[in-house]
Amino acid sequence: MSTNVFDTLQERGFLYQTTDEENLRKLLGGGPVTFYVGFDPTATSMHVGNLVPIMAMVHLQRAGHRPIAIVGGATGMVGDPSGKTEARTLLDKDALHKNCEYLKTQLGRYLDFGEEGAKLLNNLDWIGDLNYIDFLREIGRHFSVNRMLTAESVKLRLETGLSFLEFNYMLLQAYDFAVLAKDHGCILQMGGQDQWGNIVMGIDLARRVSKKSTYGMTFPLVTNSAGEKFGKSVAGAIWIEAEQTSPYHYYQFWRNLDDRDVAKMAKLYTFLPASECDAICEANINRAKEILAFEATKITHGAPEAEKSYAASVAEFGSADPDGRIETTSDLPSVDLRLKASGKLQKSEEGIPTSSLTTSDLEQTPRLIELLTRADLATSASEARRLIKQGGAYLNEERMSDPERVITGEDVQEGKIALRAGKKRHHRFTVTND
RNA sequence: GGGGAGGUACCCAAGUGGUCAAAGGGGGCAGACUGUAAAUCUGCUGGCAUCGCCUUCGGGGGUUCAAAUCCCUCUCUCCCCA
């Protein structure tokens, strides 16, 4: 007797609000339910904040339900005002199109889009050719402006201003749901908590135009213990695209979480049993972070990359549980053994940003300051100078104190120059003849 | 359309003729402590550099020995009225 996936989601902290909880739970405990989540093509990559709905979709798909992912090719042109204090800049059509393509491939990493699997649709297909007057007469008449004005997303913007364009977003998303309900048998829409208003509108519309009962579910906005939006710090978002956030950095992001966030994030971002997520945190918080980081990296970048990142991290910082004492269903302990046996747990260059220098570059005897800047460890010469003055600059693991230090061929070790800023930021230059 | 208030560094925000590269806070970076965590403490936080120099206070123009500060103009944002 397997657990109802509804309970799984609840237990793992995915549920924020649902409509008609009792019925929805019953449906999800039974035969296949077709459900959908919409994604806006606003960036070239999704970040960890976008991952929550995807993880939920995977849980549901594993439980035998049928996911539909909607790429907002049409709605993206309007821009969802939900949860935003001001209008975001509109992307042009080319950019949107590109982003849609990126979204598709990224979703494919998590969901199974095989024959009987998940479906991927673009709402441009049914919204793109809508006739304005027809739309107003068929769909617009079901909406009450009075009601729309009470939506949180609208109220928020009544203060600062809301364009008519954005005001219409809600109608389009509601229309999506109605279309999916009618043509694809979709009865559940899920989304972030700021989507509640849009989802409820869709449920109403589906009932009015096709007399169908549908359901809605929202996920909490994931925040860290400091109350900040998760995965999108000032320093930059944590992207799932390796080009933008390398697997090593991705791993490090999880490894460096605040203690208080680990259990919560493990439930959301791994598939380990919820009870285990609590247990490992209880047993050894640092091991729990390693397991979380490994599992999360595995899900996004695949097992080989996760192993590499883990190996590099252990080599750099040591292991939190060298003897594998902590019980876990993760295959990290076996990976541990394998790495140990093959002697791979030594200083590794994997994942460390590397760029190249030529011998003629070195003949000009560049200053340390210049190399630090070139390595992106400092944004300007002044910053590099500061770094050195404050004792945060390392050349070949040796702390540098002279801001005027010049780099020569003697600093090349085994064809490389190793730079470090602070404890964690590394860069390697490989030196080649030209 | 009329009236009012504003636009200062990554963000918030002081500053209303020289002492302003511009207070304070947040954020960020580095150091100490530590567990690659948190909290705390310290330093730094426009650029180039040997005193020093150069570019910044929405854009442009002007007054002045001297402007973030005064005048003109353009522009953007917010508020109130119609």
Side-chain angles (χ1 to χ4, degrees), chain A residues 84-89 156-163 223-238 246-266 280-294 296-297 309-323 325-326 332 345 347-348 350-352 366-370 372-395 397-406 419-427:
Chain A
K84 294 181 188 62
T85 48
E86 53 192 66
R88 84 174 124 211
T89 45
L156 185 73
R157 293 286 296 278
L158 247 26
E159 303 286 321
T160 55
L162 176 73
S163 72
T223 54
N224 62 21
S225 55
E228 293 160 333
K229 212 165 166 179
F230 190 59
K232 243 193 162 174
S233 67
V234 186
I238 303 300
S246 74
Y248 177 77
H249 280 117
Y250 193 81
Y251 176 97
Q252 282 294 320
F253 166 75
W254 298 105
R255 177 62 250 258
N256 283 310
L257 282 190
D258 190 312
D259 286 6
R260 292 166 292 180
D261 294 327
V262 178
K264 173 177 166 185
M265 299 310 171
I280 55 175
C281 288
E282 195 71 25
N284 178 337
I285 187 69
N286 279 315
R287 182 59 169 174
K289 287 186 195 183
E290 285 180 359
I291 294 171
L292 164 60
F294 175 74
T297 308
S309 304
Y310 172 74
S313 299
V314 169
E316 179 73 26
F317 300 105
S319 169
D321 183 26
D323 306 321
R325 289 214 176 91
I326 304 302
L332 187 56
L345 278 186
K347 277 276 179 196
S348 150
E350 296 276 5
I352 293 173
R367 292 174 308 162
L368 175 59
I369 289 171
E370 280 152 18
L372 285 168
T373 318
R374 253 172 96 155
D376 270 337
L377 295 174
T379 55
S380 67
S382 297
E383 195 176 304
R385 227 176 264 275
R386 243 175 264 138
L387 189 67
I388 296 168
K389 225 186 285 176
Q390 303 192 110
Y394 294 80
L395 170 64
E397 293 309 310
E398 205 179 307
R399 186 181 264 190
M400 293 292 116
S401 55
D402 177 14
E404 302 308 321
R405 178 68 151 81
V406 165
L419 292 178
R420 177 154 69 89
K423 289 191 189 96
K424 297 179 194 173
R425 294 153 58 218
H426 295 264
H427 193 94

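Each chain gets a letter, A, B and so on, in the order its sequence line appears, and its residues count up from 1.
- Rounded to whole Å, the separation between the C1' atoms of B:rG60 and B:rU40 comes to 50 Å.
- Rounded to a whole Å, the CG atom of A:D259 is 12 Å from the P atom of B:rU36.
- Across all strands shown, B:rU64 forms no Watson-Crick or G-U wobble pair with both key distances under 3.5 Å.
- With sequence neighbours excluded, no residue forms a salt bridge (Lys or Arg N to Asp or Glu O under 4.0 Å) with A:D402.
- No donor-acceptor pair closer than 3.5 Å links the side chain of A:K289 to the backbone N or O of A:V262.
- The phosphate of B:rA37 (OP1 or OP2) has a side-chain N or O of A:K424 nearer than 4.0 angstrom.
- Among the atoms of the strands shown, none is found under 4.0 Å from any heavy atom of A:R287.
- Rounded to a whole Å, the CD1 atom of A:I388 is 18 Å from the P atom of B:rC29.
- At a threshold of 4.5 Å between non-hydrogen side-chain atoms, the residues A:L368 and A:L419 count as touching.
- Across all strands shown, the partner of B:rG24 is B:rC12, judged by Watson-Crick or G-U wobble contacts whose two distances both fall under 3.5 Å.
- Atom P of B:rA21 sits at a distance of 13 Å from the matching atom of B:rG46, rounded to the whole Å.
- Between A:N286 and A:G391, the residue anchored closer to the 5' end of RNA chain B is A:G391, taking for each the nucleotide with the nearest heavy atom.
- Across all strands, A:A421 comes closer than 4.0 Å only to sugar-phosphate atoms, never to a base (heavy-atom distances).
- Going from the P atom of B:rU36 to that of B:rC41 covers 22 Å, rounded to whole Å.
- Distance noted for atom C1' between B:rG6 and B:rU16: 14 Å (whole Å).
- For B:rA49, there is no paired nucleotide, since no Watson-Crick or G-U wobble pair has both relevant distances below 3.5 Å.
- Summarising the base pairing, B:rA38 is matched to no nucleotide, lacking a Watson-Crick or G-U wobble pair whose two defining distances lie under 3.5 Å.
- When the P atom is used for both B:rC29 and B:rA22, the distance is 24 Å, rounded to whole Å.
- A:I280 places its CD1 atom 21 Å from the P atom of B:rG35, with the value rounded to the nearest Å.
- Residues passing the salt bridge (Lys or Arg N to Asp or Glu O under 4.0 Å) test with A:R385, sequence neighbours excluded: A:E404.
- Nucleotides B:rG47 and B:rC11 place their P atoms 15 Å apart, quoted to the nearest Å.
- Residue contacts shown for A:R425 are limited to sugar-phosphate atoms, with no base heavy atom under 4.0 Å away.
- For the atom pair A:R425 CZ and A:L387 CG, the distance stands at 7.0 Å (nearest 0.5 Å).
- One P atom belongs to B:rC70, the other to B:rG18, and the distance between them is 11 Å to the nearest Å.
- What separates CZ of A:R399 from P of B:rG31 is a distance of 6 Å, to the nearest Å.
- Here B:rG35 presents its P atom at 18 Å from CZ of A:R260, a figure rounded to the nearest Å.
- Across every strand in view, B:rC78 sits in a pair with B:rG4 that passes the Watson-Crick or G-U test at under 3.5 angstrom.
- Here the closest non-hydrogen pair linking A:K423 and A:F317 is O-CE2, 4.5 Å.
- In this structure, the salt bridge (Lys or Arg N to Asp or Glu O under 4.0 Å) partners of A:R405, at least two apart in sequence or on a different chain, are A:D411.
- Among the heavy atoms of the strands lying under 4.0 Å from A:L257 are primed sugar atoms or P, OP1, OP2 only; no base atom is included.
- Spacing of P atoms, B:rC79 relative to B:rU73, comes out at 25 Å, to the nearest Å.
- Taking atom CD on A:E282 and atom P on B:rA37, their separation rounds to 21 Å, with Å as the unit.
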Which letter, B, S or -, goes with each nucleotide of nucleotides 43-50 of chain B from 5' to 3', with contact meaning a protein heavy atom under 4.0 Å?
-> BSS-SBBS
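- For residues 372-382 of chain A, the set of pairs meeting the side-chain hydrogen bond (donor to acceptor under 3.5 Å, both in side chains) definition, not counting sequence neighbours, comprises A:T379-A:E383.
- For B:rU55, there is no paired base (Watson-Crick or G-U wobble, both distances below 3.5 Å).
- One can place CZ of A:R255 at 11 Å from P of B:rA38, the figure rounded to the nearest angstrom.
- Summarising the geometry, the separation between CZ on A:R420 and C1' on B:rC29 is reported as 15 Å, rounded to the nearest angstrom.
- Partners of A:Y250 according to the side-chain hydrogen bond (donor to acceptor under 3.5 Å, both in side chains) rule, which considers only residues two or more places apart in sequence or in another chain, are A:T300.
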